[in-house]
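Below is one structure; the comments refer to it alone.
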Protein chains: 2
Amino acid sequence: MTGTRPYSGLIEKLKSVGLRPTRQRLALSRLLFGGDGEVRDRHVTAEQLHGEALENGIRVSLATIYNTLNQFTRAGLLREVVVEPGRSYFDTNVADHHHFFFEDSGRLMDIPDESVELARLPDAPSGATVRRVDIIIRLEEEE
Amino acid sequence: MTGTRPYSGLIEKLKSVGLRPTRQRLALSRLLFGGDGEVRDRHVTAEQLHGEALENGIRVSLATIYNTLNQFTRAGLLREVVVEPGRSYFDTNVADHHHFFFEDSGRLMDIPDESVELARLPDAPSGATVRRVDIIIRLEEEE
DNA sequence: ATACTTGCAAATCGTTTGCAATACC
DNA sequence: GGTATTGCAAACGATTTGCAAGTAT
């Protein structure tokens with residue numbers, strides 16, 4: 001079942017989460033997730049993705065970028081990472097993992113999963129369940 | 001050395017970080033840090049604090065609330081916690097600690113320091129130093 | 001054909017800023 | 001008195017929304 005059409009995987013990916021594979025969603029998926037199954041690890045803001053889209057001759061409005069990123073996030077294709085007030089990053093790596101955040105440059109970087117380990121985790125307050133644990137290591141780039 | 005004047009501690013507190021103890025800064029300090037040395041543990045947004053101030057008959061503009069919260073944060077009296085895009089929380093607990101975040105209600109709660117323990121922490125990427133490690137446990141309130 | 005998507009511009013939200021009036025030392 | 005601080009309103013950046021036009025099934 002190896003598709004011969006390019007990006008057929010992406011079409012399936014979108015369909016499988018109940019989103020119509022429209023021209024712009026496909027184009028953005030290609031930028032975000034890469035042409036084929038290859039796993040990319042990207043952290044993008046809406047602005048960045050918009051810029052990239054334009055560079056690649058994809059005409060999309062910023063509003064659509066936002067809507068698409070939010071839909072993808074709701075569908076579980078992306079994960080939102082909040083590090084700074086007033087800026088949202090979307091992470092193509094949906095697996096459990098944590099982040100380095102370079103405060104000066106605003107860059108975000110995945111931390112390999114094996115290199116962080118929690119020895120002790122508190123119980124969730126009663127009446128609540130843990131949805132996710134986010135660890136952000138804030139860095140200062142020296143001199 | 002037990003001061004007899006109420007809130008004299010707050011005046012000192014402000015002076016010690018180089019901020020003039022103005023009427024509004026004192027009033028806000030009282031709301032944030034409590035009347036006397038007592039340690040309060042508060043997580044407020046600018047809006048919340050503004051509301052509280054008004055309720056207590058303190059006339060401050062929202063702009064001043066923002067400026068004050070930022071000054072206090074820069075001065076090390078508060079700590080900013082980012083959990084959601086588009087909303088900033090300020091924490092009166094400046095010591096090293098982590099947070100529970102109730103996603104549904106938007107409430108933030110301190111995690112006792114002893115109940116979290118990192119067994120392994122990655123090395124900072126070369127050329128960078130760790131400024132701070134933030135752990136946020138996102139919770140879902142059940143049923 | 002019909003429901004879902006898109007683009008655009010306007011609206012909104014949280015936050016910051018400029019500047020004249022005011023309070024602190 | 002001189003400088004720091006405040007309030008107000010306007011400015012701001014990021015994000016969302018309403019609606020008419022376009023597109024997927």
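Just so it is clear, the structure is predicted and the values come from calculations on it, not from any experiment. Below, chain A is the first sequence line, B the second, and so on; all start at residue 1.
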Worksheet item: Please give, in whole Å, the distance from C:dT16 P to B:H50 NE2?
Response: 15 Å
Worksheet item: Does B:R120 reach the side chain of A:S115, with side-chain heavy atoms less than 4.5 Å apart?
Response: no
Worksheet entry | Any A:Y66 side-chain nitrogen or oxygen under 4.0 Å from OP1 or OP2 of D:dT16 | no
Practice prompt. Mind checking side chain to side chain donor-acceptor pair (under 3.5 Å) for B:H97 and listing every partner two or more places apart, or none if nothing turns up?
Written response: B:D91, B:H99, B:D110
Worksheet item: Is any side-chain heavy atom of B:I137 closer than 4.5 Å to a side-chain heavy atom of B:F101?
Response: no
Practice prompt. Could you pull out all residues at least two apart from A:V82 that satisfy side-chain contact (heavy atoms from CB on, under 4.5 Å)?
Written response: B:V82, B:P85
Worksheet item: What is the minimum heavy-atom distance between A:G76 and A:V94, and which atoms define it?
Response: O-CG1, 3.5 Å
Worksheet entry | Sugar-phosphate, base or nothing in reach of B:T45, heavy atoms under 4.0 Å | nothing
Check nucleotides 20-25 of chain D against the protein and report each pair of N or O atoms closer than 3.5 Å, with its distance, or say if there are none.
unit_1: D:dA24; atom_1: OP1; unit_2: A:R23; atom_2: NH1; d: 3.1

Response to the item:
Sequence neighbours excluded, the answer for salt bridge (charged side-chain N to carboxylate O under 4.0 Å, His left out) partners of B:E140 is A:R131
Worksheet entry | Those residues that, when tested against A:Y66, pass side-chain contact (heavy atoms from CB on, under 4.5 Å) (two or more places apart) | A:A46, A:L62
Worksheet item: By salt bridge (charged side-chain N to carboxylate O under 4.0 Å, His left out), which residues pair with A:E141, not counting sequence neighbours?
Response: none
Item to complete: Return the set of residues passing salt bridge (charged side-chain N to carboxylate O under 4.0 Å, His left out) with B:E80 (not counting sequence neighbours), or none when no residue passes.
Response: none
Worksheet item: By side chain to side chain donor-acceptor pair (under 3.5 Å), which residues pair with B:D134, not counting sequence neighbours?
Response: A:R138, B:R132
Discussion item. Below the 4.0 Å mark, does C:dT15 have OP1 or OP2 next to a side-chain nitrogen or oxygen of B:S88?
Written reply: yes
Worksheet item: Can a side chain N or O of B:N70 be found less than 4.0 Å away from OP1 or OP2 on C:dT16?
Response: yes
Fill in: Selection from D:dT15, D:dT6, D:dT16 that lies nearest to any side-chain heavy atom of B:R25
D:dT6
Worksheet entry | Heavy-atom side-chain proximity of A:T45 to A:R87 below 4.5 angstrom | yes
Worksheet item: To the nearest angstrom, how far is B:L14 atom CG from C:dA23 atom P?
Response: 18 Å
Discussion item. Using a 4.0 Å cut-off on heavy atoms, which residues in residues 53-65 of chain B reach DNA chain D? List them by number, or say none.
Written reply: B:R59, B:V60, B:S61, B:A63, B:T64
Discussion item. With a sphere of 6.0 Å drawn around CG of A:N56, does it hold more than 12 non-hydrogen atoms of other residues, nucleotides or ligands?
Written reply: yes
Fill in: Those residues of residues 71-87 of chain A lying under 4.0 Å from DNA chain D by at least one heavy atom
A:G86, A:R87
Practice prompt. Rounding to 10 degrees, work out the angle separating the end axes of the helix from C:dA1-D:dT25 to C:dC25-D:dG1 (five pairs an end).
Written response: 30°
Worksheet item: Taking C-beta and beyond as the side chain, do A:S29 and A:L14 meet within less than 4.5 Å on heavy atoms?
Response: yes
Worksheet, complete the sentence: When rounded to whole Å, the OH to C1' distance for the pair B:Y89 and C:dT15 reads 16 Å
Discussion item. Checking B:R20 now: which residues fulfil side-chain contact (heavy atoms from CB on, under 4.5 Å) with it, not counting sequence neighbours?
Written reply: B:T22, B:R25
Worksheet item: To the nearest angstrom, how far is B:E47 atom CD from C:dT15 atom P?
Response: 8 Å
Worksheet entry | 5′-ward residue of the pair B:A46/A:Q24 relative to DNA chain C | A:Q24
